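Whatever order the structure lists them in is the order used to number ligands and atoms, beginning at 1. This chain uses plain numbering: 1 for the first residue, then up along the sequence. These numbers come from a predicted model, not from an experiment.
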Amino acid sequence: MAEGENPDRRQLEREMHAAGRLPPGQSLTLKWPVLHEGNVPAFDPPTWDFHIGGLVENPLRLTWEEFSRLPMKEVVADMHCVTRWSRFDVRWEGVAFAELARLAQPKPEAKFVMVLAEEGFTSNVPLADLLRPETLFALRHGGAPLPPEHGYPARLVVPHLYAWKSVKWVRGLRFMAEDAPGFWEQNGYHMYGDPFREQRFSND
Ligand SMILES: Nc1nc2c(c(=O)[nH]1)N[C@H]1C(S)=C(S)[C@@H](COP(=O)(O)O)O[C@H]1N2
Ligand SMILES: [Mo]
């Protein structure tokens, strides 16, 4: 049976709509679609590292050993892809963005962050949005390590923006004074990407 004809899905979609959790132009999926450019990168724990640079007092490089030992928290959040699917109540465990900001100490003039991933994928997010308590680097999902295709070993999760900002296979951060477009933003997508304001493309 096609997902669109599933009565449970339709019912849940009505509930999420009534609760104000289904953004305009989105429909609910019960599956977990896999969406990205390029290949699923291989993970090599001894050589993996995480770089924080740009406008910070304390530029740093963390090994996998160091990164994976940072304090973790759990976040349950919704996920909205610009290709019009939304997934609800996703359970993530990982390192709060605020924890890394505390280590790196952004300079007062830092207002935006370029999030850097494997294979040159990037996305830009305002620092204030990353500092929200529900923004984290997820290492685990549903009580198990992230599946490779969903970003293992670590992915950013920024639940209140379209999911292209939730960068999989993340490797670093560059703090910036001015906004600059990342990968999808250079290809016509919105610089901010609020799903509730339908900020899909640069002219929305
Ligand atoms: N590194 C990387 N992260 C990425 C992408 C990508 O192409 N490369 N695609 C984004 C998009 S458009 C979406 S919708 C989500 C999808 O996450 P999922 O595959 O875990 O559902 O990942 C985001 N993170
Ligand atoms: Mo997406």
- Say whether, by atom type as modelled, one donor and one acceptor occur between the side chain of Lys168 and the main chain of Glu149 under 3.5 angstrom. yes

- List the steps, then state whether side chain to side chain donor-acceptor pair (under 3.5 Å) holds for Asp78 with His80. CA-CA 7 Å; Asp78 301 340; His80 309 293; 4.8 Å; no

- Item | Parallel, tilted or perpendicular: ring planes of Phe50 versus Phe67, cut at 30 and 60 degrees | tilted

- Note on the structure: Under a side-chain separation threshold of 4.5 Å, the hydrophobic residues clustered together with Val40 are Trp169

- Note on the structure: For ligand 1, protein residues within the heavy-atom limit of under 4.0 Å are Trp32, Pro33, Val34, Leu35, His36, Glu37, Met79, Cys81, Trp85, Ala117, Phe121, His150, Arg155, Ala163, Trp164, Ser166, Val167, Lys168, Trp169

- Message: Under the rule for ring-ring contact (aromatic ring centres under 6.0 Å, His included), what residues qualify as partners of His190, not counting sequence neighbours?
- Response: none

- Query: How does the hydrophobic cluster around Phe196 look, that is, which other residues are in it when side-chain heavy atoms under 4.5 Å mark a link?
  - Reply: none

